[in-house]
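Below is one structure, written out as structure tokens; comments come after it.
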Amino acid sequence: MDNEISTQPHGMEDVEIQEWLESLDSVLESSGPEVAAEILERLRAHATVNGIDLPFTANTPYANTIPQRLEPLFPGDQELERRIKSLIRWNALAMVVRANRVEHNIGGHISTYASAATLYEVGFNHFFRARSEQFEGDTVYFQGHASPGMYARAFLEGRLSAQKLENFRRELKPGGGLSSYPHPWLMPDFWEFPTVSMGLSPLMAIYQARFNRYLEDRGLKPVTDAKVWAFLGDGETDEPESLGAITLASREKLDNLIFVINCNLQRLDGPVRGNGQIIQELESAFRGARWNVIKVLWGSEWDPIFERDSEGLLVKRMGELVDGEYQKLVVSSGAYVREHFFGSDPRLLKLVEPMSDESLRRLRLGGHDPRKVYAAYKAAAEHKGSPTVILARTIKGYGLGEAGEGKNVTHQQKKLNEDELREFRSRFGIPLNDEDCIEVPFYRPAEDSVEIQYLRARREALGGYVPKRSIRTKPLAADHDELFKEFHEGSEGREVSTTMAFVGMLRKMLKDVEIGKLVVPIVPDEARTFGMESLFRTAGIYSSVGQKYEPVDVNTLLYYKEAKDGQILEEGITEAGSMGSFIAAGSAYATHGINTIPFFIYYSMFGFQRIADFIWAAADMRVRGFMLGGTSGRTTLSGEGLQHQDGNSQVLALPVPNIKAYDPAFAYEIAVIIQDGIRRMYKDGEKVFYYITVMNEPYAMPAMPGNVKDGILRGMYRFRASADGKSKLRAQLFGSGAILNEALRAQEILEAKYGVAADVWSVTSYKELYNDGIETERWNRLHPGEKARVPYVTKCLADAPGVLVAASDYLKTLPNMISKWMPRRLASLGTDGFGRSEGRTSLRDFFEVDSRFITLATLHELFVDGKLERSVLDKAIKDLGINADKPNPVIS
Ligand SMILES: Cc1ncc(C[n+]2csc(CCOP(=O)(O)OP(=O)(O)O)c2C)c(N)n1
Ligand SMILES: [Mg+2]
């Protein structure tokens, strides 16, 4: 990175520079930094006007942003805090070392927390406010692999037992253990946010901070000065998600958001930017995005040296080194530092002449100096008008010495030899003798020790312990029968798509007395695609600044209305960002004690396929809400071609344990699923969320055929039985989503042309059927002496005669995975393969899922069973107009 302080060109005299610097100093002294900044700004403008070509730079020099003279007083007992921090360091290390002694290679990280301990401890002792009845609390995203430090602190706080620490990474041991990383699913009273899939937490934190504002602007929570803190690794910033949303944070002026980037200059394999400077790179990215950037590079020991440096040589030298050199310097001897850093210029050498080698070695980095860190946090917390990022320089594996301090292997260091343990113990003053210390015991001072008393008092002053997760909402009361009843009626012949039906429900939910305010519609620039534009005006699009312009379509009924209390989160083209909002809204029941109900509707192909890791994080967080995969179905979305047509997402939803995935065909099915979902999640507090695919093919919505609610929810029900009770040729057809209509048409063809009596089933969820099947099988295996249970699919089909044929707009694996619980062989049709830009009819022919192929599959099954002559089949292929030699869609 370039540095603003350049070398002196064209023989400019030192004295000339000196004069300029001195006059700036005197302005600073007499009129303060604002006036000095104004003068510099005017000088810059003056220079530009006079043809001086000043190159653009978003960087400031490689120096602390807050100079010593502006540092606030450190309000704590620094020595005591250092002792507490040392104990936490020890216990964090002990946890990892012990775990790996008991179970070789169980893993864990020492060096991340070792580098970040000061960054966290200053936060814990002075900034992170807990959630309480009176105050919503600050929200903290902890860097995932720094978790041993958080556990070690909770141990000192008396919140985690030594037994739990003993079982770090061994959660299945009696009495339970501690999960490797922050996982609310596994430690629901402790962790709030899963952060260890790198890059997710910065984006989630940004949208969390924005959602907090949304709740305030909509009057759902009081305005407070609560902060969202996100701790990240510098290597983590390479993930595109990490920096991908930073302009939203500045655009929205999220001064409730603070990023702390632990710049130890290393990632897992080696330096983050060996040949460059990651801090300067990040500074320019964040400053360019209009964040408030605070660099914390040098510790207090450097201040007197800076003071002596009236020529700005030191800061210039600092800007010259690449990170690879810095990584070496910070773990080198004082003599080496003198020679290789200061030795580049005799004037620099002079600056440190009075200092011993030992004191040169002890020059700390800013991120290890509580006073510097405190100053940065305080400035960040008080800063107004934009988000803040703190770039704190640290050493990875700080304090590990030969065992890994600053070394490229340090990330994975989990074992220390006896000498290394003793050295670490001595360096941090842990009261353990040489013998005891090699056993690496957990160490907690007595309850009445000054350390524990201080630590408790600090947390008490800040409202309690962090991290801590609790459910802070009351369950919803109503059953909402009235709200959803209308959708059981059918559309009386009017052709509507399931998307339109859903939007109708959403519109009604928005008006409901109990849930209306709580509904959070989220769209990534697809509202028009889903016919939701009518909601623009009625619900309004959320904008923190209202609407500063007259929309071009203001004279139309459905104009683009932005409002400060708008309800729709129109996120623009970011499925990841929308998911960030979904997660914030879906976890508000715990974070804020508010039962917001997010409905995130998006192009289904760009959901699981694109942002599955966020969905996994949402699952881990026990998020509540509804994801709606719009324009779904590989053959139902016509024209768009292979990158849009989704035949995958129902399969990709399978691995997420607590997501309920439905592929409904009719409006009443959706109504039943959503009503039940609201009950399960917001009334009964179940740890599930929903994925519902909706389509854009219009057709008449039938009325609910009797009470089939249970079947809809469990995954299948008989939608239309055959009217012909006498035929010997029988079949059961299973259809899902829009393809159910193809099954219904096949039913008619089969009956009219081939004398086959077929029943048609709507399969609303293969996932539900599959989960029921495997659970039943498992129970039977584990309870051989008891009456065997019967899977739901088996029960449904107990008295269902004939051959079995399934068709969906998704992969064939969906029906296949439940076929073993069916009474007979199953023929499956589906849409494996790449889509095509085509109309629905051609697509369904291409993928062989239309009524003709369902008919043929049924006839073929009957033929295989010996119930039909081959000639019937041959004729059928001809009559149905099927090209038997067409290419296989799976591989073409
Ligand atoms: C998405 C993702 N990819 C890879 C990893 C594996 N991983 C864990 S830590 C790490 C290095 C982290 O470096 P940095 O962000 O600089 O953190 P530090 O430990 O240096 O503070 C990697 C690659 C991960 N956890 N998540
Ligand atoms: Mg790092």
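When a ligand or atom number is given, it counts from 1 through the structure's own listing order. Along the sequence shown, residues are numbered consecutively beginning with 1. Scope of the values below: all heavy atoms of this structure, side chains included, with no hydrogens, waters or symmetry mates.
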Under the rule for salt bridge (Lys or Arg N to Asp or Glu O under 4.0 Å), what residues qualify as partners of E166, not counting sequence neighbours?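 Partners of E166 by the salt bridge (Lys or Arg N to Asp or Glu O under 4.0 Å) criterion, ordered by chain and then number, come out as R98.
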Test side chain to side chain donor-acceptor pair (under 3.5 Å) applied to N408 - qualifying residues, sequence neighbours left out: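 N408 satisfies side chain to side chain donor-acceptor pair (under 3.5 Å) with Q327 only.
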So, [X] versus [Y], ring centres under 6.0 angstrom or not?
| X | Y | value |
| --- | --- | --- |
| W229 | F259 | no |
| H145 | Y113 | no |
| Y691 | F608 | yes |

Do the rings of F128 and F142 sit parallel, tilted or perpendicular, given the 30° and 60° boundaries?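 Rings of F128 and F142: perpendicular, over 60°.
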Parallel, tilted or perpendicular for Y398 and H368, by the 30°/60° rule?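 Y398 and H368: parallel rings.
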Do side-chain atoms of D323 reach the backbone of I278 as a donor and acceptor pair under 3.5 angstrom?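 Indeed, once roles are kept as given, a pair shorter than 3.5 Å links the two residues.
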Within the distance-only criterion (no hydrogens, no angle test), does the side chain of R459 pair as donor or acceptor with the backbone N or O of F124 below 3.5 angstrom?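 Answer holds: yes.
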With the criterion set at N/O pairs under 3.5 Å, what does the list of contacts between the protein and ligand 1 look like, atom names and distances included?
from: ligand 1; atom 1: 15 (O); to: G235; atom 2: N; distance (Å): 3.4
from: ligand 1; atom 1: 15 (O); to: E236; atom 2: N; distance (Å): 2.9
from: ligand 1; atom 1: 16 (O); to: D234; atom 2: OD1; distance (Å): 2.8
from: ligand 1; atom 1: 16 (O); to: G235; atom 2: N; distance (Å): 2.8
from: ligand 1; atom 1: 16 (O); to: Q266; atom 2: O; distance (Å): 2.8
from: ligand 1; atom 1: 17 (O); to: Q143; atom 2: NE2; distance (Å): 3.2
from: ligand 1; atom 1: 17 (O); to: H145; atom 2: NE2; distance (Å): 3.4
from: ligand 1; atom 1: 19 (O); to: T112; atom 2: OG1; distance (Å): 2.6
from: ligand 1; atom 1: 19 (O); to: H145; atom 2: NE2; distance (Å): 3.0
from: ligand 1; atom 1: 19 (O); to: K396; atom 2: NZ; distance (Å): 2.7
from: ligand 1; atom 1: 20 (O); to: N264; atom 2: OD1; distance (Å): 3.1
from: ligand 1; atom 1: 20 (O); to: N264; atom 2: ND2; distance (Å): 2.9
from: ligand 1; atom 1: 20 (O); to: Q266; atom 2: O; distance (Å): 2.9
from: ligand 1; atom 1: 20 (O); to: K396; atom 2: NZ; distance (Å): 2.7
from: ligand 1; atom 1: 21 (O); to: Q143; atom 2: NE2; distance (Å): 2.9
from: ligand 1; atom 1: 21 (O); to: N264; atom 2: ND2; distance (Å): 3.3
from: ligand 1; atom 1: 25 (N); to: V196; atom 2: O; distance (Å): 2.9
from: ligand 1; atom 1: 26 (N); to: M198; atom 2: N; distance (Å): 3.1

Give every protein N, O or S atom lying under 2.8 Å from the Mg ion (ligand 2), naming each by residue and atom.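 Near the Mg ion (ligand 2), the protein supplies D234 OD1, N264 OD1, Q266 O.
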